[in-house]
Structure formats: C-alpha cells, structure tokens
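Index from 1, following the sequence. What you see below is based on every heavy atom in this structure, not just the backbone, and it leaves out hydrogens, waters and symmetry mates.
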Amino acid sequence: MYLAEEAAKAAASTSNINTFDWFMLAFTILIAIGFVRLLMARPKKNIFALGFTFVSLAIFLFSDYVMITESWMQ
C-alpha cells in the first residue's frame, strides 16, 4: 500500500509547470500588446515608453524562453 501511495505522489508531481509560469506568459503577452499599441500611436510616439517597453519585452521573452526550455522540456 505504501508503494502505491508513493507512486501516485510521484506521478502527480511530474509536471514541471508552475502557476508562476502562466503569470509570466500572461505578462509577456500584455507587454507585447502594449508595445504594439505604442508603435501604432499616430500623432507622436513616446520614445522613452517605446524603449522601456522594448527592453521589458526582451527580458520577459528571454525569461520565457529559458523557462520553457529548461523547466518544461525536461
């Protein structure tokens, strides 16, 4: 009986995807939407906001790449 319980626990804990991972992906999508909206601004573009959003998007995309390749693909 003990071995069956341990096997069930091991099978349930094999998922490497955490709740925080989904939040990281959601924030990346939100930043990407904001970046596209800043690029589409017609009268005058806010260069500081574009730069800040670009750097944030690059950091989040890199962290998502590392998260997926190192954690999910094991």
Side-chain angles (χ1 to χ4, degrees):
M1 188 67 173
Y2 179 73
L3 291 175
E5 290 175 1
E6 290 298 319
K9 286 180 186 176
S13 66
T14 57
S15 176
N16 293 335
I17 301 173
N18 296 326
T19 306
F20 180 74
D21 298 344
W22 296 112
F23 281 110
M24 284 290 293
L25 291 172
F27 284 131
T28 304
I29 292 169
L30 286 175
I31 292 172
I33 291 170
F35 184 69
V36 169
R37 289 191 61 178
L38 283 170
L39 282 176
M40 297 298 179
R42 287 285 178 197
K44 186 176 179 183
K45 295 185 185 340
N46 187 349
I47 301 299
F48 178 76
L50 274 171
F52 188 83
T53 308
F54 177 76
V55 170
S56 300
L57 184 60
I59 290 171
F60 269 75
L61 285 173
F62 178 72
S63 64
D64 287 342
Y65 170 76
V66 170
M67 174 182 66
I68 290 170
T69 57
E70 297 294 324
S71 178
W72 291 9
M73 299 295 179
Q74 287 184 348

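Rounding to the nearest 0.5 Å gives a distance of 11.5 Å between CG of Leu30 and CZ of Phe23. Remark: Phe52 CZ to Leu57 CG distance equals 12.0 Å, nearest 0.5 Å. Taking CG from Asp64 and OG1 from Thr69, the interatomic distance works out to 10.5 Å, rounded to the nearest 0.5 Å. Here the straight-line distance linking atom CZ of Phe62 with atom OG1 of Thr28 works out to 13.0 Å at 0.5 Å rounding. How far CD1 of Ile33 is from OG1 of Thr53: 12.5 Å, rounded to the nearest 0.5 Å. Here the CE-CD distance, from Met73 to Glu70, works out to 11.0 Å after rounding to the nearest 0.5 Å.
Of the possible donor and acceptor atoms, one in the side chain of Lys45 sits under 3.5 Å from a partner among the backbone N and O of Leu39.
Heavy-atom minimum distance, Ile17 versus Trp22: CG2-NE1, 3.3 Å.
Looking at heavy atoms from C-beta onward, Leu50 lies in side-chain contact with Phe35 at the 4.5 angstrom threshold.
Linking Ile, Leu, Val, Met, Phe, Trp and Tyr whenever their side-chain heavy atoms come within less than 4.5 Å puts Ile68 and Met24 in one cluster. Residue Leu38 is grouped with residue Leu61 when hydrophobic side chains (ILVMFWY) are merged at heavy-atom distances under 4.5 angstrom, including chains of intermediate members. Following chains of ILVMFWY side-chain contacts shorter than 4.5 Å, one cannot reach Phe27 starting from Ile59, and the two form parts of different hydrophobic clusters.
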